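What follows is a set of notes on a single structure, which appears directly below.
From a predicted model like this one, the values you see are computed outputs, not experimental measurements. We use all heavy atoms of the structure for the numbers below, so side chains are in, but hydrogens, waters and symmetry mates are not.
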Amino acid sequence: MSKRGISYSINLPSSSSHILPINKIISCGGELISGGRDGAVKVWDVGSTTPQSSSAVAGDFYDSTPEEQALKLETQISANPIPYQANAGALTITNSYNLHSDWVNDLQRVGETVLATASNDLSCKLLNYETGHVEKLNTVHTDYIKKIEKSDNKLISAGLDRKIGILDLQANRFSSVIDNNDSVYSLSCQANLVAAGASSTVNLFDSRTESKIWSLIGHQDMIRGLIMDDRFLISGSSDTTIKMWDLRTFKVYKSFDVHDSSVWCLDGDSRCFYSGDRGGTIVKTDLSNLFANKNDDHFNFTTNESTSIDEKLGISTIIATNESPILSICHNEDSIFISDYNSLSRYVNPSTSALARYQFLKTCQDYSPNDELDEAQPSDDLNSMFYDLVSHLSNDTDEVQSNLSVEQIEPSESYNSMFLNVNGGPSTEFVNVGLTTEQAGIASSFVDTTPIEILLNPTDQITPIPFNLKPLTRHEIVPHSVVSKRILNNKRQIMALYLNGDIRIWDILLCKELVKFPGRNNDKLLSGKDLEYRIKEMDDLVQKYQTSDTLNNWCEVEIKAGKLLVTIKDTSVMNVEIYYDDMVKDYPYLAIDNPETSARLGNHKFTVGDDDRFHLGLIFLNSIFHGYTMYEWVFDELVREEMRQVKDNESVTSRLKSWRKSSKRSLTEASSKRSLAEASPISSANVSVNEMPINPPLSEFLGTSEETLEKSVPHYNDTIMSLLQRNKKIYQEKAKQSGGVGESALRVNHVNPCLGAPDGDDELKYFPVINAKHFPPNMNVILFEYSPELGNYRDLCSFKISDINNLLEFPQQNLINELRCSLPHWIGQPILYNRFNLKESPKITFRLLEVDYFNLPPTVKIGGKSQRKIKSLPALESSIKLTSHNMLRVSKILYFLTDKFDGSTKEMKDKKMKPTDWLVLECKGQELSNSMTLQTIKTKVWKSSTDIELRYRRRYD
């Protein structure tokens with residue numbers, strides 16, 4: 001069975017870029033959207049500068065005969081550079097959303113300004129990238145979700161768990177789940193046809209019946225990219241090939257061997273597609289004339305003849321060569337955008353339409369079905385042809401030899417070419433020769449403007465060159481990802497090393513940076529020996545800042561998506577306590593007499609000593625959900641008020657106003673309006689009856705049956721909603737029996753006594769709560785699900801602390817329902833009922849003995865006195881053997897000792913000296929600090945499983 005926990009990331013201030021590589025980029029009109037391995041989705045303005053053109057794009061010659069068209073195109077192409085438009089507008093981030101706790105693998109546009117995202121955190125989300133609204137989609141996946149596609153009103157998702165989920169976007173529920181029998185790395189869909197690329201096969205499914213239609217077998221390695229329309233499917237594979245499949249015959253219609261490395265990404269359609277490979281090469285393949293009408297009056301080819309012509313068509317252009325593998329690629333009319341391990345780059349998109357049209361026309365003109373027939377001549381004709389050839393050679397041997405010798409002597413001419421043959425190798429149709437860039441009068445520092453030549457005599461002396469010399473714009477990945485971490489012994493602080501060399505100490509509880517040690521290279525990535533050296537420096541700093549505590553983990557901290565991810569589970573949340581004096585030293589606003597605390601406690605008096613302990617996990621839960629618990633306190637009063645018997649049929653609204661007035665008076669008694677506003681979101685100055693839409697939620701809550709909730713809410717019996725429904729039943733039963741509903745079942749007022757303390761002040765204890773203003777304003781808390789069956793934490797929902805703590809002033813019913821129906825009992829019980837499971841602290845046995853001064857060497861002196869002159873302490877009745885909890889401090893042991901001594905220590909008490917002023921405790925000859933605990937002594941000093949021996953003596957300074 002799955003369980004639920006909460007997590008949050010410790011983030012640097014919003015970065016101007018991703019801190020890890022970008023997995024996916026898509027173009028949305030004038031904007032670019034990116035999803036990164038840092039879990040972020042960013043919106044980019046691609047610039048609006050007027051594109052600079054190299055030359056006019058080819059005109060429309062379709063009103064001419066094919067021969068005239070070809071001649072005009074040949075004139076336009078020859079001795080001219082390839083046409084292009086260069087938009088050098090800057091890439092700037094306009095919006096940034098920390099959407100996921102792990103890699104964002106895919107993005108799909110599902111509305112005008114709405115995106116769907118897929119992540120390694122096993123979740124899919126809808127993001128309105130203009131308003132920032134986020135909606136969580138249901139998922140069935142148990143491992144990384146690698147790809148998503150939109151088809152009509154459905155979202156299709158697939159990943160490493162071998163499942164293909166088909167989600168109805170309107171209902172947010174799955175209509176079907178298909179088993180692919182292999183991990184899915186690429187996905188495409190067209191109407192009801194779904195294509196899933198796996199290890200070496202593309203499986204085709206009918207989404208309506210969940211049945212497999214066909215398997216396309218032909219690749220030799222993983223299929224990383226798919227493009228599909230109503231007739232063709234294009235697949236790119238790690239075997240370096242790209243194949244076009246005919247969906248009518250399920251056979252390969254055309255193959256492309258234009259890459260030397262694994263093809264990692266595809267973009268475009270069956271008329272023109274862009275591909276990027278692991279070696280960093282980007283290729284544009286123009287097939288715009290592949291499906292031109294070959295049956296018009298000019299050509300009139302049969303279907304088979306048209307297919308034969310299509311085999312020879314395709315203009316593949318080397319767009320650019322990159323130093324890093326291409327992770328994602330997308331395009332618009334004038335630009336090609338690519339992401340790699342280090343950056344997001346923009347390249348010029350050349351116009352190849354004239355070349356593609358010319359290639360088509362020449363292929364149709366040169367095509368002769370007789371050429372194919374000649375290859376299959378009858379044997380008699382072959383014998384006759386062979387006889388004529390032998391006769392001819394016997395008569396003209398000298399002439400043939402003479403011609404051959406001339407061809408061997410003349411050296412072959414060499415060329416450069418940015419074009420590729422779709423079947424492999426440089427193009428033998430188009431090359432780059434003639435005038436240099438300077439001679440042609442065209443200067444560009446970004447693209448190669450060497451003119452194009454139509455090659456009439458094929459040659460193998462061709463060197464491939466890229467069209468783009470460098471990116472128009474290059475936006476570097478910011479090296480602010482965490483590469484190493486060390487948790488300090490107090491379990492509240494962590495030291496992290498960032499990829500740029502910065503070392504920072506963070507407070508885990510607050511997500512607050514405490515100390516920064518800048519790196520030497522600013523924003524340059526560390527690598528190799530520099531990284532190893534910096535890690536050693538961090539280890540030295542850890543020793544300097546390390547504390548002597550020995551504590552268990554109340555949370556786990558791991559590096560995920562380049563950030564520190566803190567996760568808290570029910571099994572560990574109550575594991576660690578902090579002493580009051582340590583707490584107020586690091587968090588002074590938690591002191592009992594601090595104004596922030598006083599406002600929350602009201603007029604009630606509390607006595608807290610340095611040796612009082614508080615659970616870190618409980619402090620955290622009460623702090624981040626403080627605003628929500630206040631909302632439920634108010635809502636609970638409304639529920640009980642509705643159930644009370646009221647004279648003269650008093651309306652709910654009037655009763656609400658009346659109760660609000662009395663509630664505000666009780667709050668203002670605690671402190672002034674100003675201090676209360678700082679301490680709590682329920683300030684009397686902020687609460688407005690008219691602005692708070694409580695009535696409709698109240699009617700819905702009272703009118704919804706528990707049977708309905710059990711059917712609609714997952715894990716209902718382990719949600720806060722089930723606890724609130726249990727309260728409702730209790731109130732209803734009391735109302736039937738006595739006409740009243742009694743006191744609230746909630747115990748929020750135990751943590752916030754200003755709300756009205758319960759009967760019996762002896763029940764009240766001090767519970768520290770951190771004000772929301774001490775947390776980062778954009779801090780996201782994520783509720784996740786985990787189980788042995790899941791390959792990662794599954795993100796269930798997320799919320800900002802700022803939103804939670806403003807719920808009473810600005811109720812968001814969607815957020816309230818999400819908290820009620822998602823948060824488990826282990827969170828709901830402590831924050832609403834002040835109930836929590838306290839684990840019994842581990843016990844440690846120790847013995848108390850006085851220091852044996854006479855066993856010390858004669859040369860040893862304590863405080864200037866030899867051991868023989870030291871006044872012994874009063875003798876105890878017997879050797880003391882004790883067992884206590886592991887958090888017992890040395891100071892408490894010294895207080896215990898003084899109580900055991902007889903009256904001879906009376907002079908110390910008369911002088912009002914504390915035991916810690918004149919007594920010392922030792923272990924193995926090492927003097928122990930008064931704040932040291934038994935667990936620390938056993939772990940750091942005694943270092944044995946046997947009972948600890950502690951020796952006491954007088955202090956000599």
Side-chain angles (χ1 to χ4, degrees), residues 16-18 21-22 25 27 32 34 44-55 80-93 258-261 264-265 267 274-285 316-352 415-420 426 430-433 435-452 463-479 523-525:
S16 59
S17 180
H18 290 274
I22 298 169
I25 48 176
S27 179
L32 194 71
S34 61
W44 305 73
D45 184 348
V46 299
S48 57
T49 61
T50 303
Q52 299 176 354
S53 301
S54 64
S55 62
N80 285 309
I82 187 170
Y84 69 90
Q85 290 182 314
N87 188 337
L91 291 172
T92 54
I93 294 176
V258 295
H259 288 277
D260 295 326
S261 299
W264 275 15
C265 52
D267 182 57
Y274 302 79
S275 51
D277 65 28
R278 183 180 181 180
T281 300
I282 308 151
V283 177
K284 174 183 180 179
T285 300
S316 291
T317 308
I318 305 174
I319 298 299
T321 54
N322 202 42
E323 296 179 354
S324 182
I326 310 301
L327 300 178
S328 183
I329 188 169
C330 73
H331 75 286
N332 59 24
E333 186 176 352
D334 54 54
S335 300
I336 298 171
F337 304 93
I338 67 101
S339 65
D340 57 30
Y341 284 150
N342 304 313
S343 64
L344 173 66
S345 300
R346 177 185 205 152
Y347 290 99
V348 176
N349 189 359
S351 174
T352 55
Y415 304 95
N416 292 331
S417 179
M418 59 186 64
F419 307 103
L420 298 171
F430 306 105
V431 294
N432 297 88
V433 294
L435 300 176
T436 64
T437 299
E438 290 75 14
Q439 292 172 331
I442 301 172
S444 175
S445 60
F446 297 102
V447 298
D448 190 329
T449 54
T450 305
I452 301 170
T463 303
I465 59 171
F467 169 67
N468 282 269
L469 302 175
K470 63 180 181 180
L472 283 171
T473 308
R474 183 180 175 89
H475 202 100
E476 298 286 342
I477 300 298
V478 176
D523 279 346
K524 299 234 181 127
L525 279 71

Rounded distance [0.5 Å steps], [atom1] in [X] versus [atom2] in [Y]:
X: I336; Y: F467; atom1: CD1; atom2: CZ; result: 9.0 Å
X: L420; Y: F430; atom1: CG; atom2: CZ; result: 13.0 Å
X: F419; Y: T317; atom1: CZ; atom2: OG1; result: 5.0 Å
X: S324; Y: N342; atom1: OG; atom2: CG; result: 5.0 Å

What do the steps show when you test L472 against V348 for side chain to side chain contact (heavy atoms under 4.5 Å, CB included), and what is the final call? CA-CA 7 Å; L472 283 171; V348 176; 3.5 Å; yes
Whether the side chain of [X] engages the backbone of [Y] through a donor-acceptor N/O pair (distance < 3.5 Å, no angle test) should be reported.
X: K284; Y: P350; result: yes
X: N432; Y: I452; result: no
X: N349; Y: N332; result: yes

Can you list the residues that meet the side chain to side chain donor-acceptor pair (under 3.5 Å) rule with [X], with sequence neighbours excluded?
X: D340; value: N322, S343
X: S335; value: R346
X: S417; value: none
X: S316; value: T285

Ignoring hydrogens and angles, state whether a donor on the side chain of [X] or [Y] is under 3.5 Å from an acceptor on the partner side chain.
X: Y84; Y: D334; value: no
X: W44; Y: T92; value: no
X: H475; Y: S345; value: no

Check whether any side-chain heavy atom of [X] lies under 4.5 Å from a side-chain heavy atom of [Y], and answer yes or no.
X: I319; Y: V283; answer: no
X: I318; Y: P464; answer: yes
X: P466; Y: M418; answer: no
X: L32; Y: L344; answer: yes
X: L327; Y: Y341; answer: yes
X: I477; Y: I22; answer: yes
X: F446; Y: L469; answer: no
X: T463; Y: Y415; answer: no

Please, which pairs that meet salt bridge (charged side-chain N to carboxylate O under 4.0 Å, His left out) have at least one residue in residues 81-93, sequence neighbours excluded?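 Of all non-adjacent pairs touching residues 81-93, none passes salt bridge (charged side-chain N to carboxylate O under 4.0 Å, His left out).
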For residues 468-478, pull every pair meeting salt bridge (charged side-chain N to carboxylate O under 4.0 Å, His left out), keeping only residues two or more places apart or in separate chains.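 Passing the test, one end in residues 468-478: R474-E476.
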How about CG on N416, more than 12 heavy atoms from neighbouring residues, nucleotides or ligands closer than 6.0 Å, or not?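 Result for CG/N416: enclosed.
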So, using ring-ring contact (aromatic ring centres under 6.0 Å, His included) as the criterion, who are the partners of [X] when residues are at least two apart?
X: F337; answer: none
X: Y347; answer: none
X: W264; answer: none

Run the side chain to side chain contact (heavy atoms under 4.5 Å, CB included) test on H18 and V478 for me, step by step, so that the C-alpha distance in whole Å, both residues' side-chain angles and the decisive distance to 0.1 Å come before the verdict. CA-CA 6 Å; H18 290 274; V478 176; over 6 Å; no
Could you tell me which residues satisfy side chain to side chain contact (heavy atoms under 4.5 Å, CB included) with S328, sequence neighbours excluded, listed by chain and number?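 Here the qualifying residues are K24, I25, S339.
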Set of residues satisfying side chain to side chain contact (heavy atoms under 4.5 Å, CB included) with respect to D277, sequence neighbours excluded: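 With sequence neighbours excluded, D277 shows a side chain to side chain contact (heavy atoms under 4.5 Å, CB included) to H259, S261, T281, given in chain and number order.
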Looking only at heavy atoms, what is the nearest atom pair of T473 and G89, with distance?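 For T473 versus G89, the nearest heavy atoms are OG1-O, 3.5 Å.
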Which pair of non-hydrogen atoms, one from V46 and one from L91, has the smallest distance, and what is that distance?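 Closest approach of V46 to L91: CA-CD2, 3.9 Å.
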